[in-house]
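All values below were derived from every heavy atom in this structure, side-chain atoms included, with hydrogens, water molecules and symmetry-related copies excluded.
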Amino acid sequence: MSDEPTPGQESPQPISERDADRIDADRGRALDEALLGGERSLTLDDLAAQTNLSHEFLRSYWQALGLPILGHDERSFTVDDAQALRDIAEVAGTEELSNRSLTSLVRSVGHTTERLALWQAEALVEHMAQRHELDDTSARLLLLDRLPSLAPVLEAQMVHAWRRQIAALAGRWAVEFSGARATDERGEGELPLPRAVGFADIVSFTTRTASLLSSELSDFVSDFEAGARDVITAAGGRVVKTVGDAVLFIADDVETGAEVALGLATAGHDGHLVNVPPVRVSLVWGRVLSRFGDVFGPSVNLASRLTAEAEPGTVLLDQATAALLAENSKFALTGKPSREVRGLGALAPVRLQRAFTPEG
């Protein structure tokens, strides 16, 4: 069959570099309109003039948000950017926020949304590659075309989730602190929050994942994170963070913490952690400092070290935490031989199990 065009049919012409640049520019403008609410029409000077804020403030804000300022004369900013800056500056003035507090607030948004955007985008790329049988690059280009319709829904979900999370936090604090006597320690003395802290760590993660393909590794990590979150939430705990092969969780009381820890240790047998090998789990009751969406303190360090000492599918406690559960009939405690733990010295851990209850 001839490849010559039929009469009246023109041969397809290759796209010129100029046309390709125009297509990219048109796509960029469409994405800005959909995602940013308008075109990038303001320079840094324009932004300063519209907000009555100093260049130093603007640069500090943008840096805390985790975004680059491309150039002094570059039209990088939108009208919505100006409004967001006016809003946060007004709050900073009304609440008399220090530079440190303001930067922390802005950085919390930037850090969290950067990870959120990447997480959601990669999930959608994976979906489109599988659904449409596309290579990775084609799936990413397809996502660019779909973002204008998907972004409003994802944005609404983010706002809804934030409202529910801040309401849940306010509810917990109302219960925990409403009857407490105010103190004026000004950051001195013991750490402020009593919490059960624990880790769950996948056994032999590096060995088990060394030969996995990228899609298999993605499924493995996703199964672990999703399953662990479900177990922790169902038992009344909260996930602080996941770090590859481990998850850090907290609970407001030691019994709930114990339920979370045992749930994680048996999750592989119960079917909650699908296609994930056994985990080693620790639990420590102590006081922590909560900052930057994370928790800090000696109890966190102790829990981390205890996890490394646990056998697959088991939970280890320190002796002080075990003493708090000693009278609870739901649990059984078994002392383990003392051992030297780097950085902690001699440690005699205690194994936590559910108490045996005869059937019938």
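Hydrophobic clustering of Ile, Leu, Val, Met, Phe, Trp and Tyr side chains at less than 4.5 Å, counting indirect connections, keeps Val79 apart from Leu65. Phe292 and Leu116 fall into different hydrophobic clusters, where Ile, Leu, Val, Met, Phe, Trp and Tyr residues are linked whenever their side-chain heavy atoms come under 4.5 Å apart, directly or through other members. By the rule that hydrophobic residues join a cluster once side-chain heavy atoms approach within less than 4.5 Å of another member, Leu333 and Val260 end up as members of one cluster.
At distances below 3.5 Å, not a single donor-acceptor pair connects side-chain atoms of Ser60 with backbone N or O atoms of Glu56. A donor-acceptor contact shorter than 3.5 Å links the side chain of Thr321 to the backbone of Trp285. Of the possible donor and acceptor atoms, one in the side chain of Thr112 sits under 3.5 Å from a partner among the backbone N and O of Ser108. Without hydrogens or angle criteria, Thr103 side chain to Arg100 main chain gives no donor-acceptor distance under 3.5 Å. With hydrogens and angles disregarded, no donor-acceptor distance shorter than 3.5 Å links the side chain of Arg75 to the backbone of Thr43. With Thr78 contributing its side chain and Glu39 its backbone, the two residues share no donor-acceptor pair below 3.5 Å. The backbone N or O of Ala310 sits nowhere less than 3.5 Å from a side-chain atom of Thr314 that would complete a donor-acceptor pair. Between the side chain of Ser101 and the backbone N or O of Leu97 there is no donor-acceptor pair closer than 3.5 Å. Side chain of Arg86 to backbone of Gln50: a donor-acceptor contact under 3.5 angstrom is found.
Under the ring-ring contact (aromatic ring centres under 6.0 Å, His included) criterion, Phe331 pairs with no residue, sequence neighbours left out. For Arg140, the side chain to side chain donor-acceptor pair (under 3.5 Å) test picks out Glu122, Asp136, with sequence neighbours left out.
Ring to ring, Phe77 and Trp62 are close: their centroids are under 6.0 angstrom apart.
Under a cut-off of 6.0 angstrom, the local environment of CG in Asn99 is sparse, with at most 12 non-hydrogen atoms contributed by other residues, nucleotides or ligands. Around atom CZ of Arg172, more than 12 heavy atoms belonging to other residues, nucleotides or ligands sit under 6.0 Å away. Sparse packing is recorded around NE2 of His160, with 12 or fewer heavy atoms of other residues, nucleotides or ligands lying under 6.0 Å away. Counted within 6.0 Å of CD on Gln353, heavy atoms from surrounding residues, nucleotides or ligands total more than 12; the atom is thus considered enclosed.
The existence of a salt bridge linking Lys336 and Glu311 is excluded, since no basic side-chain nitrogen approaches an acidic carboxylate oxygen closer than 4.0 Å. Ionic pairing of Arg229 and Glu225 is present here: one or more N-O contacts between side-chain nitrogen and carboxylate oxygen are shorter than 4.0 angstrom. A salt bridge links Asp252 to Arg238: at least one charged side-chain nitrogen sits closer than 4.0 Å to a carboxylate oxygen. A salt bridge is absent between Arg40 and Asp81; no separation between the charged side-chain nitrogens and carboxylate oxygens falls under 4.0 Å.
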Item to check | Residue pair Leu217, Val221: steps toward the side-chain contact (heavy atoms from CB on, under 4.5 Å) verdict | outcome: CA-CA 6 Å; Leu217 178 59; Val221 174; 4.0 Å; yes
Checklist entry - After noting the C-alpha distance and the side-chain angles of Ser304 and Thr307, does the key distance pass the side-chain hydrogen bond (donor to acceptor under 3.5 Å, both in side chains) rule? => result CA-CA 5 Å; Ser304 177; Thr307 307; 5.9 Å; no
Item to check | Worked check of side-chain contact (heavy atoms from CB on, under 4.5 Å) between Val315 and Leu317 | outcome: CA-CA 7 Å; Val315 180; Leu317 316 173; 4.2 Å; yes
Next on the checklist: Run Gln83 and Asp87 through side-chain hydrogen bond (donor to acceptor under 3.5 Å, both in side chains) and show every step you take.
Outcome noted: CA-CA 6 Å; Gln83 185 60 55; Asp87 290 343; 2.9 Å; yes
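Ring orientation note: the planes of Phe57 and Tyr61 are close to parallel, at an angle under 30° on the 30°/60° scale.
Taking every heavy atom of both residues into account, Leu306 and Asp318 meet most closely at CD1-N, 3.6 Å.
Evaluated for a side-chain contact (heavy atoms from CB on, under 4.5 Å) with Phe199, the options Val284, Val300, Leu283, Val243 yield exactly one hit, Val300. Among the candidates Thr233, Thr242, Ile232, the single residue satisfying the side-chain contact (heavy atoms from CB on, under 4.5 Å) test with Phe249 is Ile232.
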